[in-house]
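First the structure, in the form of structure tokens, and then the observations on it.
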Protein chains: 2
Amino acid sequence: MELKEAQEKFISAWGAIGTHWGINRTMAQIHALLLISNNALSTEDIMSQLNISRGNVNMNVRELMSWGIVHKVLKFGERKEFFTAEKDIYKTAIQILKERRKRELIPILNLLGELQSENIQESGGEHFKKVVGDIHQFGESTNKMLEKMVKADEHWFTGSLMKFLVKK
Amino acid sequence: MELKEAQEKFISAWGAIGTHWGINRTMAQIHALLLISNNALSTEDIMSQLNISRGNVNMNVRELMSWGIVHKVLKFGERKEFFTAEKDIYKTAIQILKERRKRELIPILNLLGELQSENIQESGGEHFKKVVGDIHQFGESTNKMLEKMVKADEHWFTGSLMKFLVKK
DNA sequence: AAAAACTTTCATTTTTTTTTGAAAGTTTTA
DNA sequence: TAAAACTTTCAAAAAAAAATGAAAGTTTTT
């Protein structure tokens, strides 16, 4: 297999995974392209390699930067901006967990907390409160677990957590 | 707040979360509705409560059943089918992890394995193989971790794993 | 201060995903 | 075995999401 073919397979698969996790295909493909690129790429590099428009690249690259997994790189003597992806996959994973915790878990925990503290007397209210309470508790546990993982250094995964989970 | 209002907020929030995780809004809302319903619901109950068509209910309920988090219930003396969601949130979470592992993680691990074993000589190939290799290794670790979690009983989360992660 | 080199925005178009609902299919009842 | 009660399918419509590209905006150079 040629390098180019292998790269295309990888980019395509990464894009497909993204769609399964609520990430748009192009954003995931740009991430994949930057991961496998040795050097930082310009907007035009990305446009031509993925065959997409300037506006599309701009939007998705900025989204990737807002997730903290792609960074702007300025090269001496060059006016244009280049982009590079964090290459340490553990750091990337933790960064994504961190952001999803902030953007998704915390808000739902707040809602669940509010719903739980409502004074609902109607019939059926008990079952509702039980379900909400259970999910809230589960969410809080997940939240604590993520806090722990995110605070640890990037070696938590291969370190003691993995030893605990896999070997024991 | 009235029960109905609280329920609507919950269903709506559950639907929104779904979309962030690659699950269609309606499927997540049906799941939410079944979670907070004390009794199993018929297709028509779901249609009227969520204001959606018969075909839509049928499709999404079957999808939820394929994930193993919603079950068909037959009532004595009734011809129609009723549906109920697994109410244990830990079991539900594990079931989802199990399915996603099978449907998404395993296939990508297979691809990464293939790409890794390719004999690529071209320049740039080394960086590509390093990235693919790193992700493959990360995926294998995740896979092992999930295997462990899924094999354990439903109390892993509050049990020793949580003690390990949160308290230590 | 004008031109050049670049980035960002966003109304419009395109693509993709989701929903509808009527017809076809199936099972149960009379 | 015919009708009734129900479930499933799927082509078409609708809705939602993503992509385009040209114009506007910004920064740097001359």
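Quick caveat: nothing in here was measured; it's all calculated off a predicted structure.
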Practice prompt. Looking only at non-hydrogen atoms, find the nearest pair between A:His127 and B:Ile36 and report the distance.
Written response: CD2-O, 3.2 Å

Item to complete: With sequence neighbours excluded, tell me which residues meet ring pair (Phe, Tyr, Trp, His ring centres under 6.0 Å) with B:Phe10.
Response: B:Trp14

Worksheet item: Any sub-3.5 Å donor-acceptor pair from A:Lys129's side-chain atoms to A:Gln116's backbone N or O?
Response: yes

Worksheet item: Between residues 10-28 of chain A and DNA chain D, which residues have a heavy-atom gap below 4.0 Å?
Response: A:Asn24, A:Thr26

Practice prompt. In whole angstrom, give the distance that lies between atom CZ of A:Phe76 and atom C1' of D:dT28.
Written response: 17 Å

Practice prompt. Can you tell me the distance, in whole Å, between the CG atom of B:Asn51 and the C1' atom of C:dT18?
Written response: 16 Å

Practice prompt. For B:Leu74 and C:dT28, give me the distance from atom CG to atom C1', rounded to whole Å.
Written response: 13 Å

Restricting to nitrogen or oxygen on both sides, can you table the protein-nucleotides 8-14 of chain C pairs closer than 3.5 Å?
{"residue": "C:dT8", "atom": "OP2", "partner": "A:Asn58", "partner atom": "ND2", "Å": "2.3"}
{"residue": "C:dT9", "atom": "OP2", "partner": "A:Arg62", "partner atom": "NH1", "Å": "3.2"}
{"residue": "C:dT9", "atom": "OP2", "partner": "A:Arg62", "partner atom": "NH2", "Å": "2.9"}

Discussion item. Give me the atom names and distance for the closest heavy-atom approach of A:Leu112 to A:Val132.
Written reply: O-CG1, 3.7 Å

Worksheet item: Roughly how many Å is it from NZ in A:Lys75 to C1' in C:dC6, rounded to a whole number?
Response: 16 Å

Worksheet item: If you draw the axis of the six-membered ring of A:Trp21, does the NZ or CZ of B:Arg100 fall within 45° of it and under 6.0 Å from the ring centre?
Response: yes

Item to complete: Write down the distance between CG (B:Asn60) and P (D:dC10), rounded to a whole number of angstrom.
Response: 17 Å

Worksheet item: Quick one: B:Glu78 CD to D:dT7 C1', roughly how many Å, whole number?
Response: 15 Å

Response to the item:
Residues A:Leu33 and A:Ile46: closest non-hydrogen pair is CD2-CA, 4.1 Å

Item to complete: Write down the atom of B:Ile120, the atom of A:Ala6, and the distance for their closest heavy-atom approach.
Response: CD1-CB, 3.7 Å

Response to the item:
From CD of B:Glu63 across to C1' of C:dT17 the rounded distance in Å is 14 Å

Worksheet item: Nearest-Å distance, CD1 (A:Ile30) to C1' (D:dA19)?
Response: 11 Å

Practice prompt. Could you tell me which residues satisfy side chain to side chain donor-acceptor pair (under 3.5 Å) with B:Glu2, sequence neighbours excluded, listed by chain and number?
Written response: none

Side-chain donor/acceptor pairs under 3.5 Å, residues 62-78 of chain B, sequence neighbours excluded:
{"residue": "B:Arg62", "atom": "NE", "partner": "B:Asn58", "partner atom": "OD1", "Å": "3.0"}
{"residue": "B:Arg62", "atom": "NH2", "partner": "B:Asn58", "partner atom": "OD1", "Å": "3.1"}
{"residue": "B:Glu63", "atom": "OE2", "partner": "B:Trp67", "partner atom": "NE1", "Å": "3.4"}
{"residue": "B:Ser66", "atom": "OG", "partner": "B:Glu63", "partner atom": "O", "Å": "2.8"}
{"residue": "B:Ser66", "atom": "OG", "partner": "B:Arg103", "partner atom": "NH2", "Å": "3.2"}
{"residue": "B:Lys72", "atom": "NZ", "partner": "B:Glu81", "partner atom": "OE2", "Å": "3.0"}

Discussion item. Please give me the minimum heavy-atom distance between A:Ala28 and A:Gly15, naming the atom from each residue.
Written reply: CB-CA, 3.8 Å

Within the sub-3.5 Å range, which N or O atoms of nucleotides 1-5 of chain C have a protein N or O partner, and how far apart are they?
{"residue": "C:dA5", "atom": "O4'", "partner": "A:Arg79", "partner atom": "NH1", "Å": "3.0"}
{"residue": "C:dA5", "atom": "N3", "partner": "A:Arg79", "partner atom": "NH2", "Å": "2.9"}

Fill in: Considering all heavy atoms, the nearest A:Leu97-A:Met149 contact
CD1-CE, 3.7 Å

